[in-house]
Every structure is written in structure tokens, then in C-alpha cells.
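See structure below.
Quick caveat: nothing in here was measured; it's all calculated off a predicted structure. So that the names make sense, note that chain A is the first sequence line, chain B the second, and so on, each numbered from 1.
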Amino acid sequence: MSERDTQGNVARDDAMQPAVDVIEDAAGITLTADLPGVPKEGLSLHIEADQLTIEGEIRLTAPEGMQLTHRELSASRFRRVFTLSKELDAERVSAALENGVLRLRIPRVQQAQPRRIRIDVS
Amino acid sequence: MVWNAFSRDLMTELQRLQHEFGHPLEQSASIRGGGRSRFPALNVGGTPESVEIYAFAPGLDPSSIELTLDRGVLSLSGERVSDLPAEDARTAVHIGERFAGRFRRVVNLPDDADPDSVSATYRDGVLHIRVTRRAASQPRRINVQ
């Protein structure tokens, strides 16, 4: 899995890239993304061909007429695109969102799981 | 980066900080800094009735967040445990950007903030703290007889 270069991307806007962890084990990949302020209804996961797109809209409750005086998180959306490699099974991706943390599990396709190759020594 | 308490020229120091973070001056003018890389990121807003603080702190157990208010300084601390496994022959960490470890951030509240009227809620990984301003300092309409 590699990250797509967003330079010059047509869809580029003021969305922020969420911080992620990507861990690979023998059975697949676990992707964890920080999406604070994104409720389940604001999350969009999209897989097309080998592109995985994570998008999240931040929804905060604010009193009427509030003015921000200090801002470290400036955008209202998160967006990040990853390119999946073909040994990953895009059909069987599972996702869970809890407390602003998204966990995606992307298993390897069955036949791509590592096999031990016996080496015969004659 | 260590704050040099003996700096003779505050503006020079601020400009150095600004340069280091690549930030406009108004974002790093606080003596307690506040770079983008800090966890949790904070947004602060206000209305005539209240001060609203949003701490973007995903993946925490809300009961483990420690929030204190002392002489107009609100401090927020806690710990986020790392999810990363120990790397071995079978697992590989390809990207490890998420913050892990102890954190502490402080916010100076304005003088009219009422320390007895603070509420905090944690939802979708955002801690929203509301501090009400004292009634005496809220704008009032004065009727002209």
C-alpha cells in the first residue's frame, strides 16, 4: 500500500490529512486514522479500483455567534488517499469508528497469504 | 525546543519561533507556544456569554482526561497509549504518525471567565470545554427612559 501523491490532484482542497498508523502482518493490513470530531454520519470510505479514500467531515457543536480566537485545526474536513496493492482484498475491508479513531482492516487475498516454501536439498 | 527564559528580546525570540514553525505571528505569540504538532490540537472561541475550548484528542477514555483550573489557567493532561505492536519478523509498521505518550496543554482564560462554571463533554474524540463568563461582564442593554 502506498500513499498517493496529492500534488496537482484536481480534487485537492482545504482538507487536512489525518495522522495514521499502518501496520502489516501476515494476514493483512491494519490502518488506524485520527479523525477527531467526525461522527459516523460524517465518515465516507470509498474504494475504487486500487484507491482507498478516507474522508471525514468534522461536526462540532458551537453556540450561536461564536468567533474563533485561536485555531490550530483549521480545516473542517479530513481527506487522505491510499493506493492498495493487488494482494490486498478490497472486497473484505472492515471498518470501525470509535471516539474519533477509525480502524480499518484490509485482509490479504487468500492465495496471497504467505506460504512457507519448502526447499528441497538433493 | 527549549524556551529561553533569559532572552532579552522577546520579539526576536517570537520571530525565531515563528520562523521555526512557519506560522503567522498571531498563532505563536503565546508564551506557551502552541505549534500544530502539539497533541491535542486546540481551537478556542468565544461568545459574549462563554469561552469555548475544543481539544482534538481522539481515542481517549474520557475518565482518564485530567482537567484542572487554577487562577485562570486551564490545564488538560492525560496519556494516549501506543497502538503500535513491537516490530518482529511478522509485523511491520509502515506508517506511525499518531501521537502516543503523555500530553499536557494549558490555556489562559480571560479575566471574566467564571471558574465555578465549567462544563466538559467528550464526543467523537473531541473534548469540548465551556467556561461561562461572569454575568457582570456580559454586555447588557440599558434602557433609556
Side-chain angles (χ1 to χ4, degrees), chain A residues 1-3 16-43 56-76 78 80 82 84-85 88 96-103 106 113-114 116, chain B residues 23-24 26-30 33-62 80 82-85 87-100 105 107-108 110 121-128 130 132:
Chain A
M1 188 163 74
S2 64
E3 204 176 330
M16 280 172 300
Q17 292 219 343
V20 301
D21 287 344
V22 176
I23 299 154
E24 181 162 20
D25 57 40
I29 277 179
T30 303
L31 187 155
T32 313
D34 278 349
L35 301 168
V38 177
K40 206 174 160 188
E41 314 82 69
L43 177 69
E57 193 188 316
I58 301 170
R59 296 184 189 172
L60 301 175
T61 53
E64 185 96 9
M66 185 185 80
Q67 302 220 315
L68 277 183
T69 51
H70 176 85
R71 189 199 294 243
E72 292 170 5
L73 198 123
S74 53
S76 62
F78 290 104
R80 195 153 173 180
F82 295 90
L84 303 175
S85 48
L88 295 170
L97 179 68
E98 191 188 7
N99 284 340
V101 177
L102 171 71
R103 281 174 221 281
I106 312 162
Q113 291 193 8
R116 196 183 176 90
Chain B
H23 275 182
E26 69 263 21
Q27 285 189 359
S28 58
S30 163
R36 278 179 67 92
S37 58
R38 305 211 44 194
F39 184 92
L42 298 177
N43 281 4
V44 182
T47 71
E49 293 84 32
S50 65
V51 180
E52 311 280 332
I53 298 141
Y54 298 89
F56 297 89
L60 296 183
D61 171 4
R80 192 161 85 154
S82 175
D83 286 343
L84 297 179
E87 266 194 88
D88 57 32
R90 288 176 170 272
T91 60
V93 177
H94 296 308
I95 307 177
E97 298 166 345
R98 296 173 63 241
F99 173 88
R105 297 225 47 191
V107 177
N108 274 316
T121 51
Y122 186 69
R123 206 180 74 185
D124 298 328
V126 178
L127 180 69
H128 178 192
R130 171 174 295 162
T132 309

As an exercise, state the distance from [atom1] of [X] to [atom2] of [Y], rounded to the nearest 0.5 Å.
{"X": "E97(B)", "Y": "T32(A)", "atom1": "CD", "atom2": "OG1", "answer": "11.5 Å"}
{"X": "F56(B)", "Y": "D34(A)", "atom1": "CZ", "atom2": "CG", "answer": "12.5 Å"}
{"X": "D124(B)", "Y": "L97(A)", "atom1": "CG", "atom2": "CG", "answer": "7.0 Å"}

Query raised in the report: Between G96(B), P62(B), A55(B), G46(B), which residue shows the highest count of heavy-atom pairs closer than 4.5 Å to chain A?
Result: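 Highest number of pairs under 4.5 Å: G46(B).
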Requested in this report: Go through P58(B), G125(B), G45(B), G59(B) and name the one with the most non-hydrogen pairs under 4.5 angstrom from chain A.
Outcome: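 Top count of heavy-atom pairs under 4.5 Å with chain A: P58(B).
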Of the backbone (N, CA, C, O) and the side chain (C-beta and beyond), which part of [X] lies under 4.5 Å from a heavy atom of chain B, both, or neither?
{"X": "V38(A)", "answer": "backbone"}
{"X": "T61(A)", "answer": "both"}
{"X": "L35(A)", "answer": "backbone"}

Shortest non-hydrogen contact between [X] and [Y], atoms and distance:
{"X": "R59(A)", "Y": "R123(B)", "answer": "O-NH2, 4.2 Å"}
{"X": "R98(B)", "Y": "D21(A)", "answer": "N-OD1, 3.2 Å"}
{"X": "G37(A)", "Y": "V126(B)", "answer": "N-CG2, 3.2 Å"}
{"X": "Y54(B)", "Y": "P63(A)", "answer": "OH-CD, 4.1 Å"}
{"X": "D25(A)", "Y": "T91(B)", "answer": "CB-CG2, 3.7 Å"}
{"X": "L42(B)", "Y": "E72(A)", "answer": "N-OE1, 2.7 Å"}

Report task. Test side chain to side chain contact (heavy atoms under 4.5 Å, CB included) on V107(B) and H70(A) and set out the steps. Result -> CA-CA 10 Å; V107(B) 177; H70(A) 176 85; over 6 Å; no
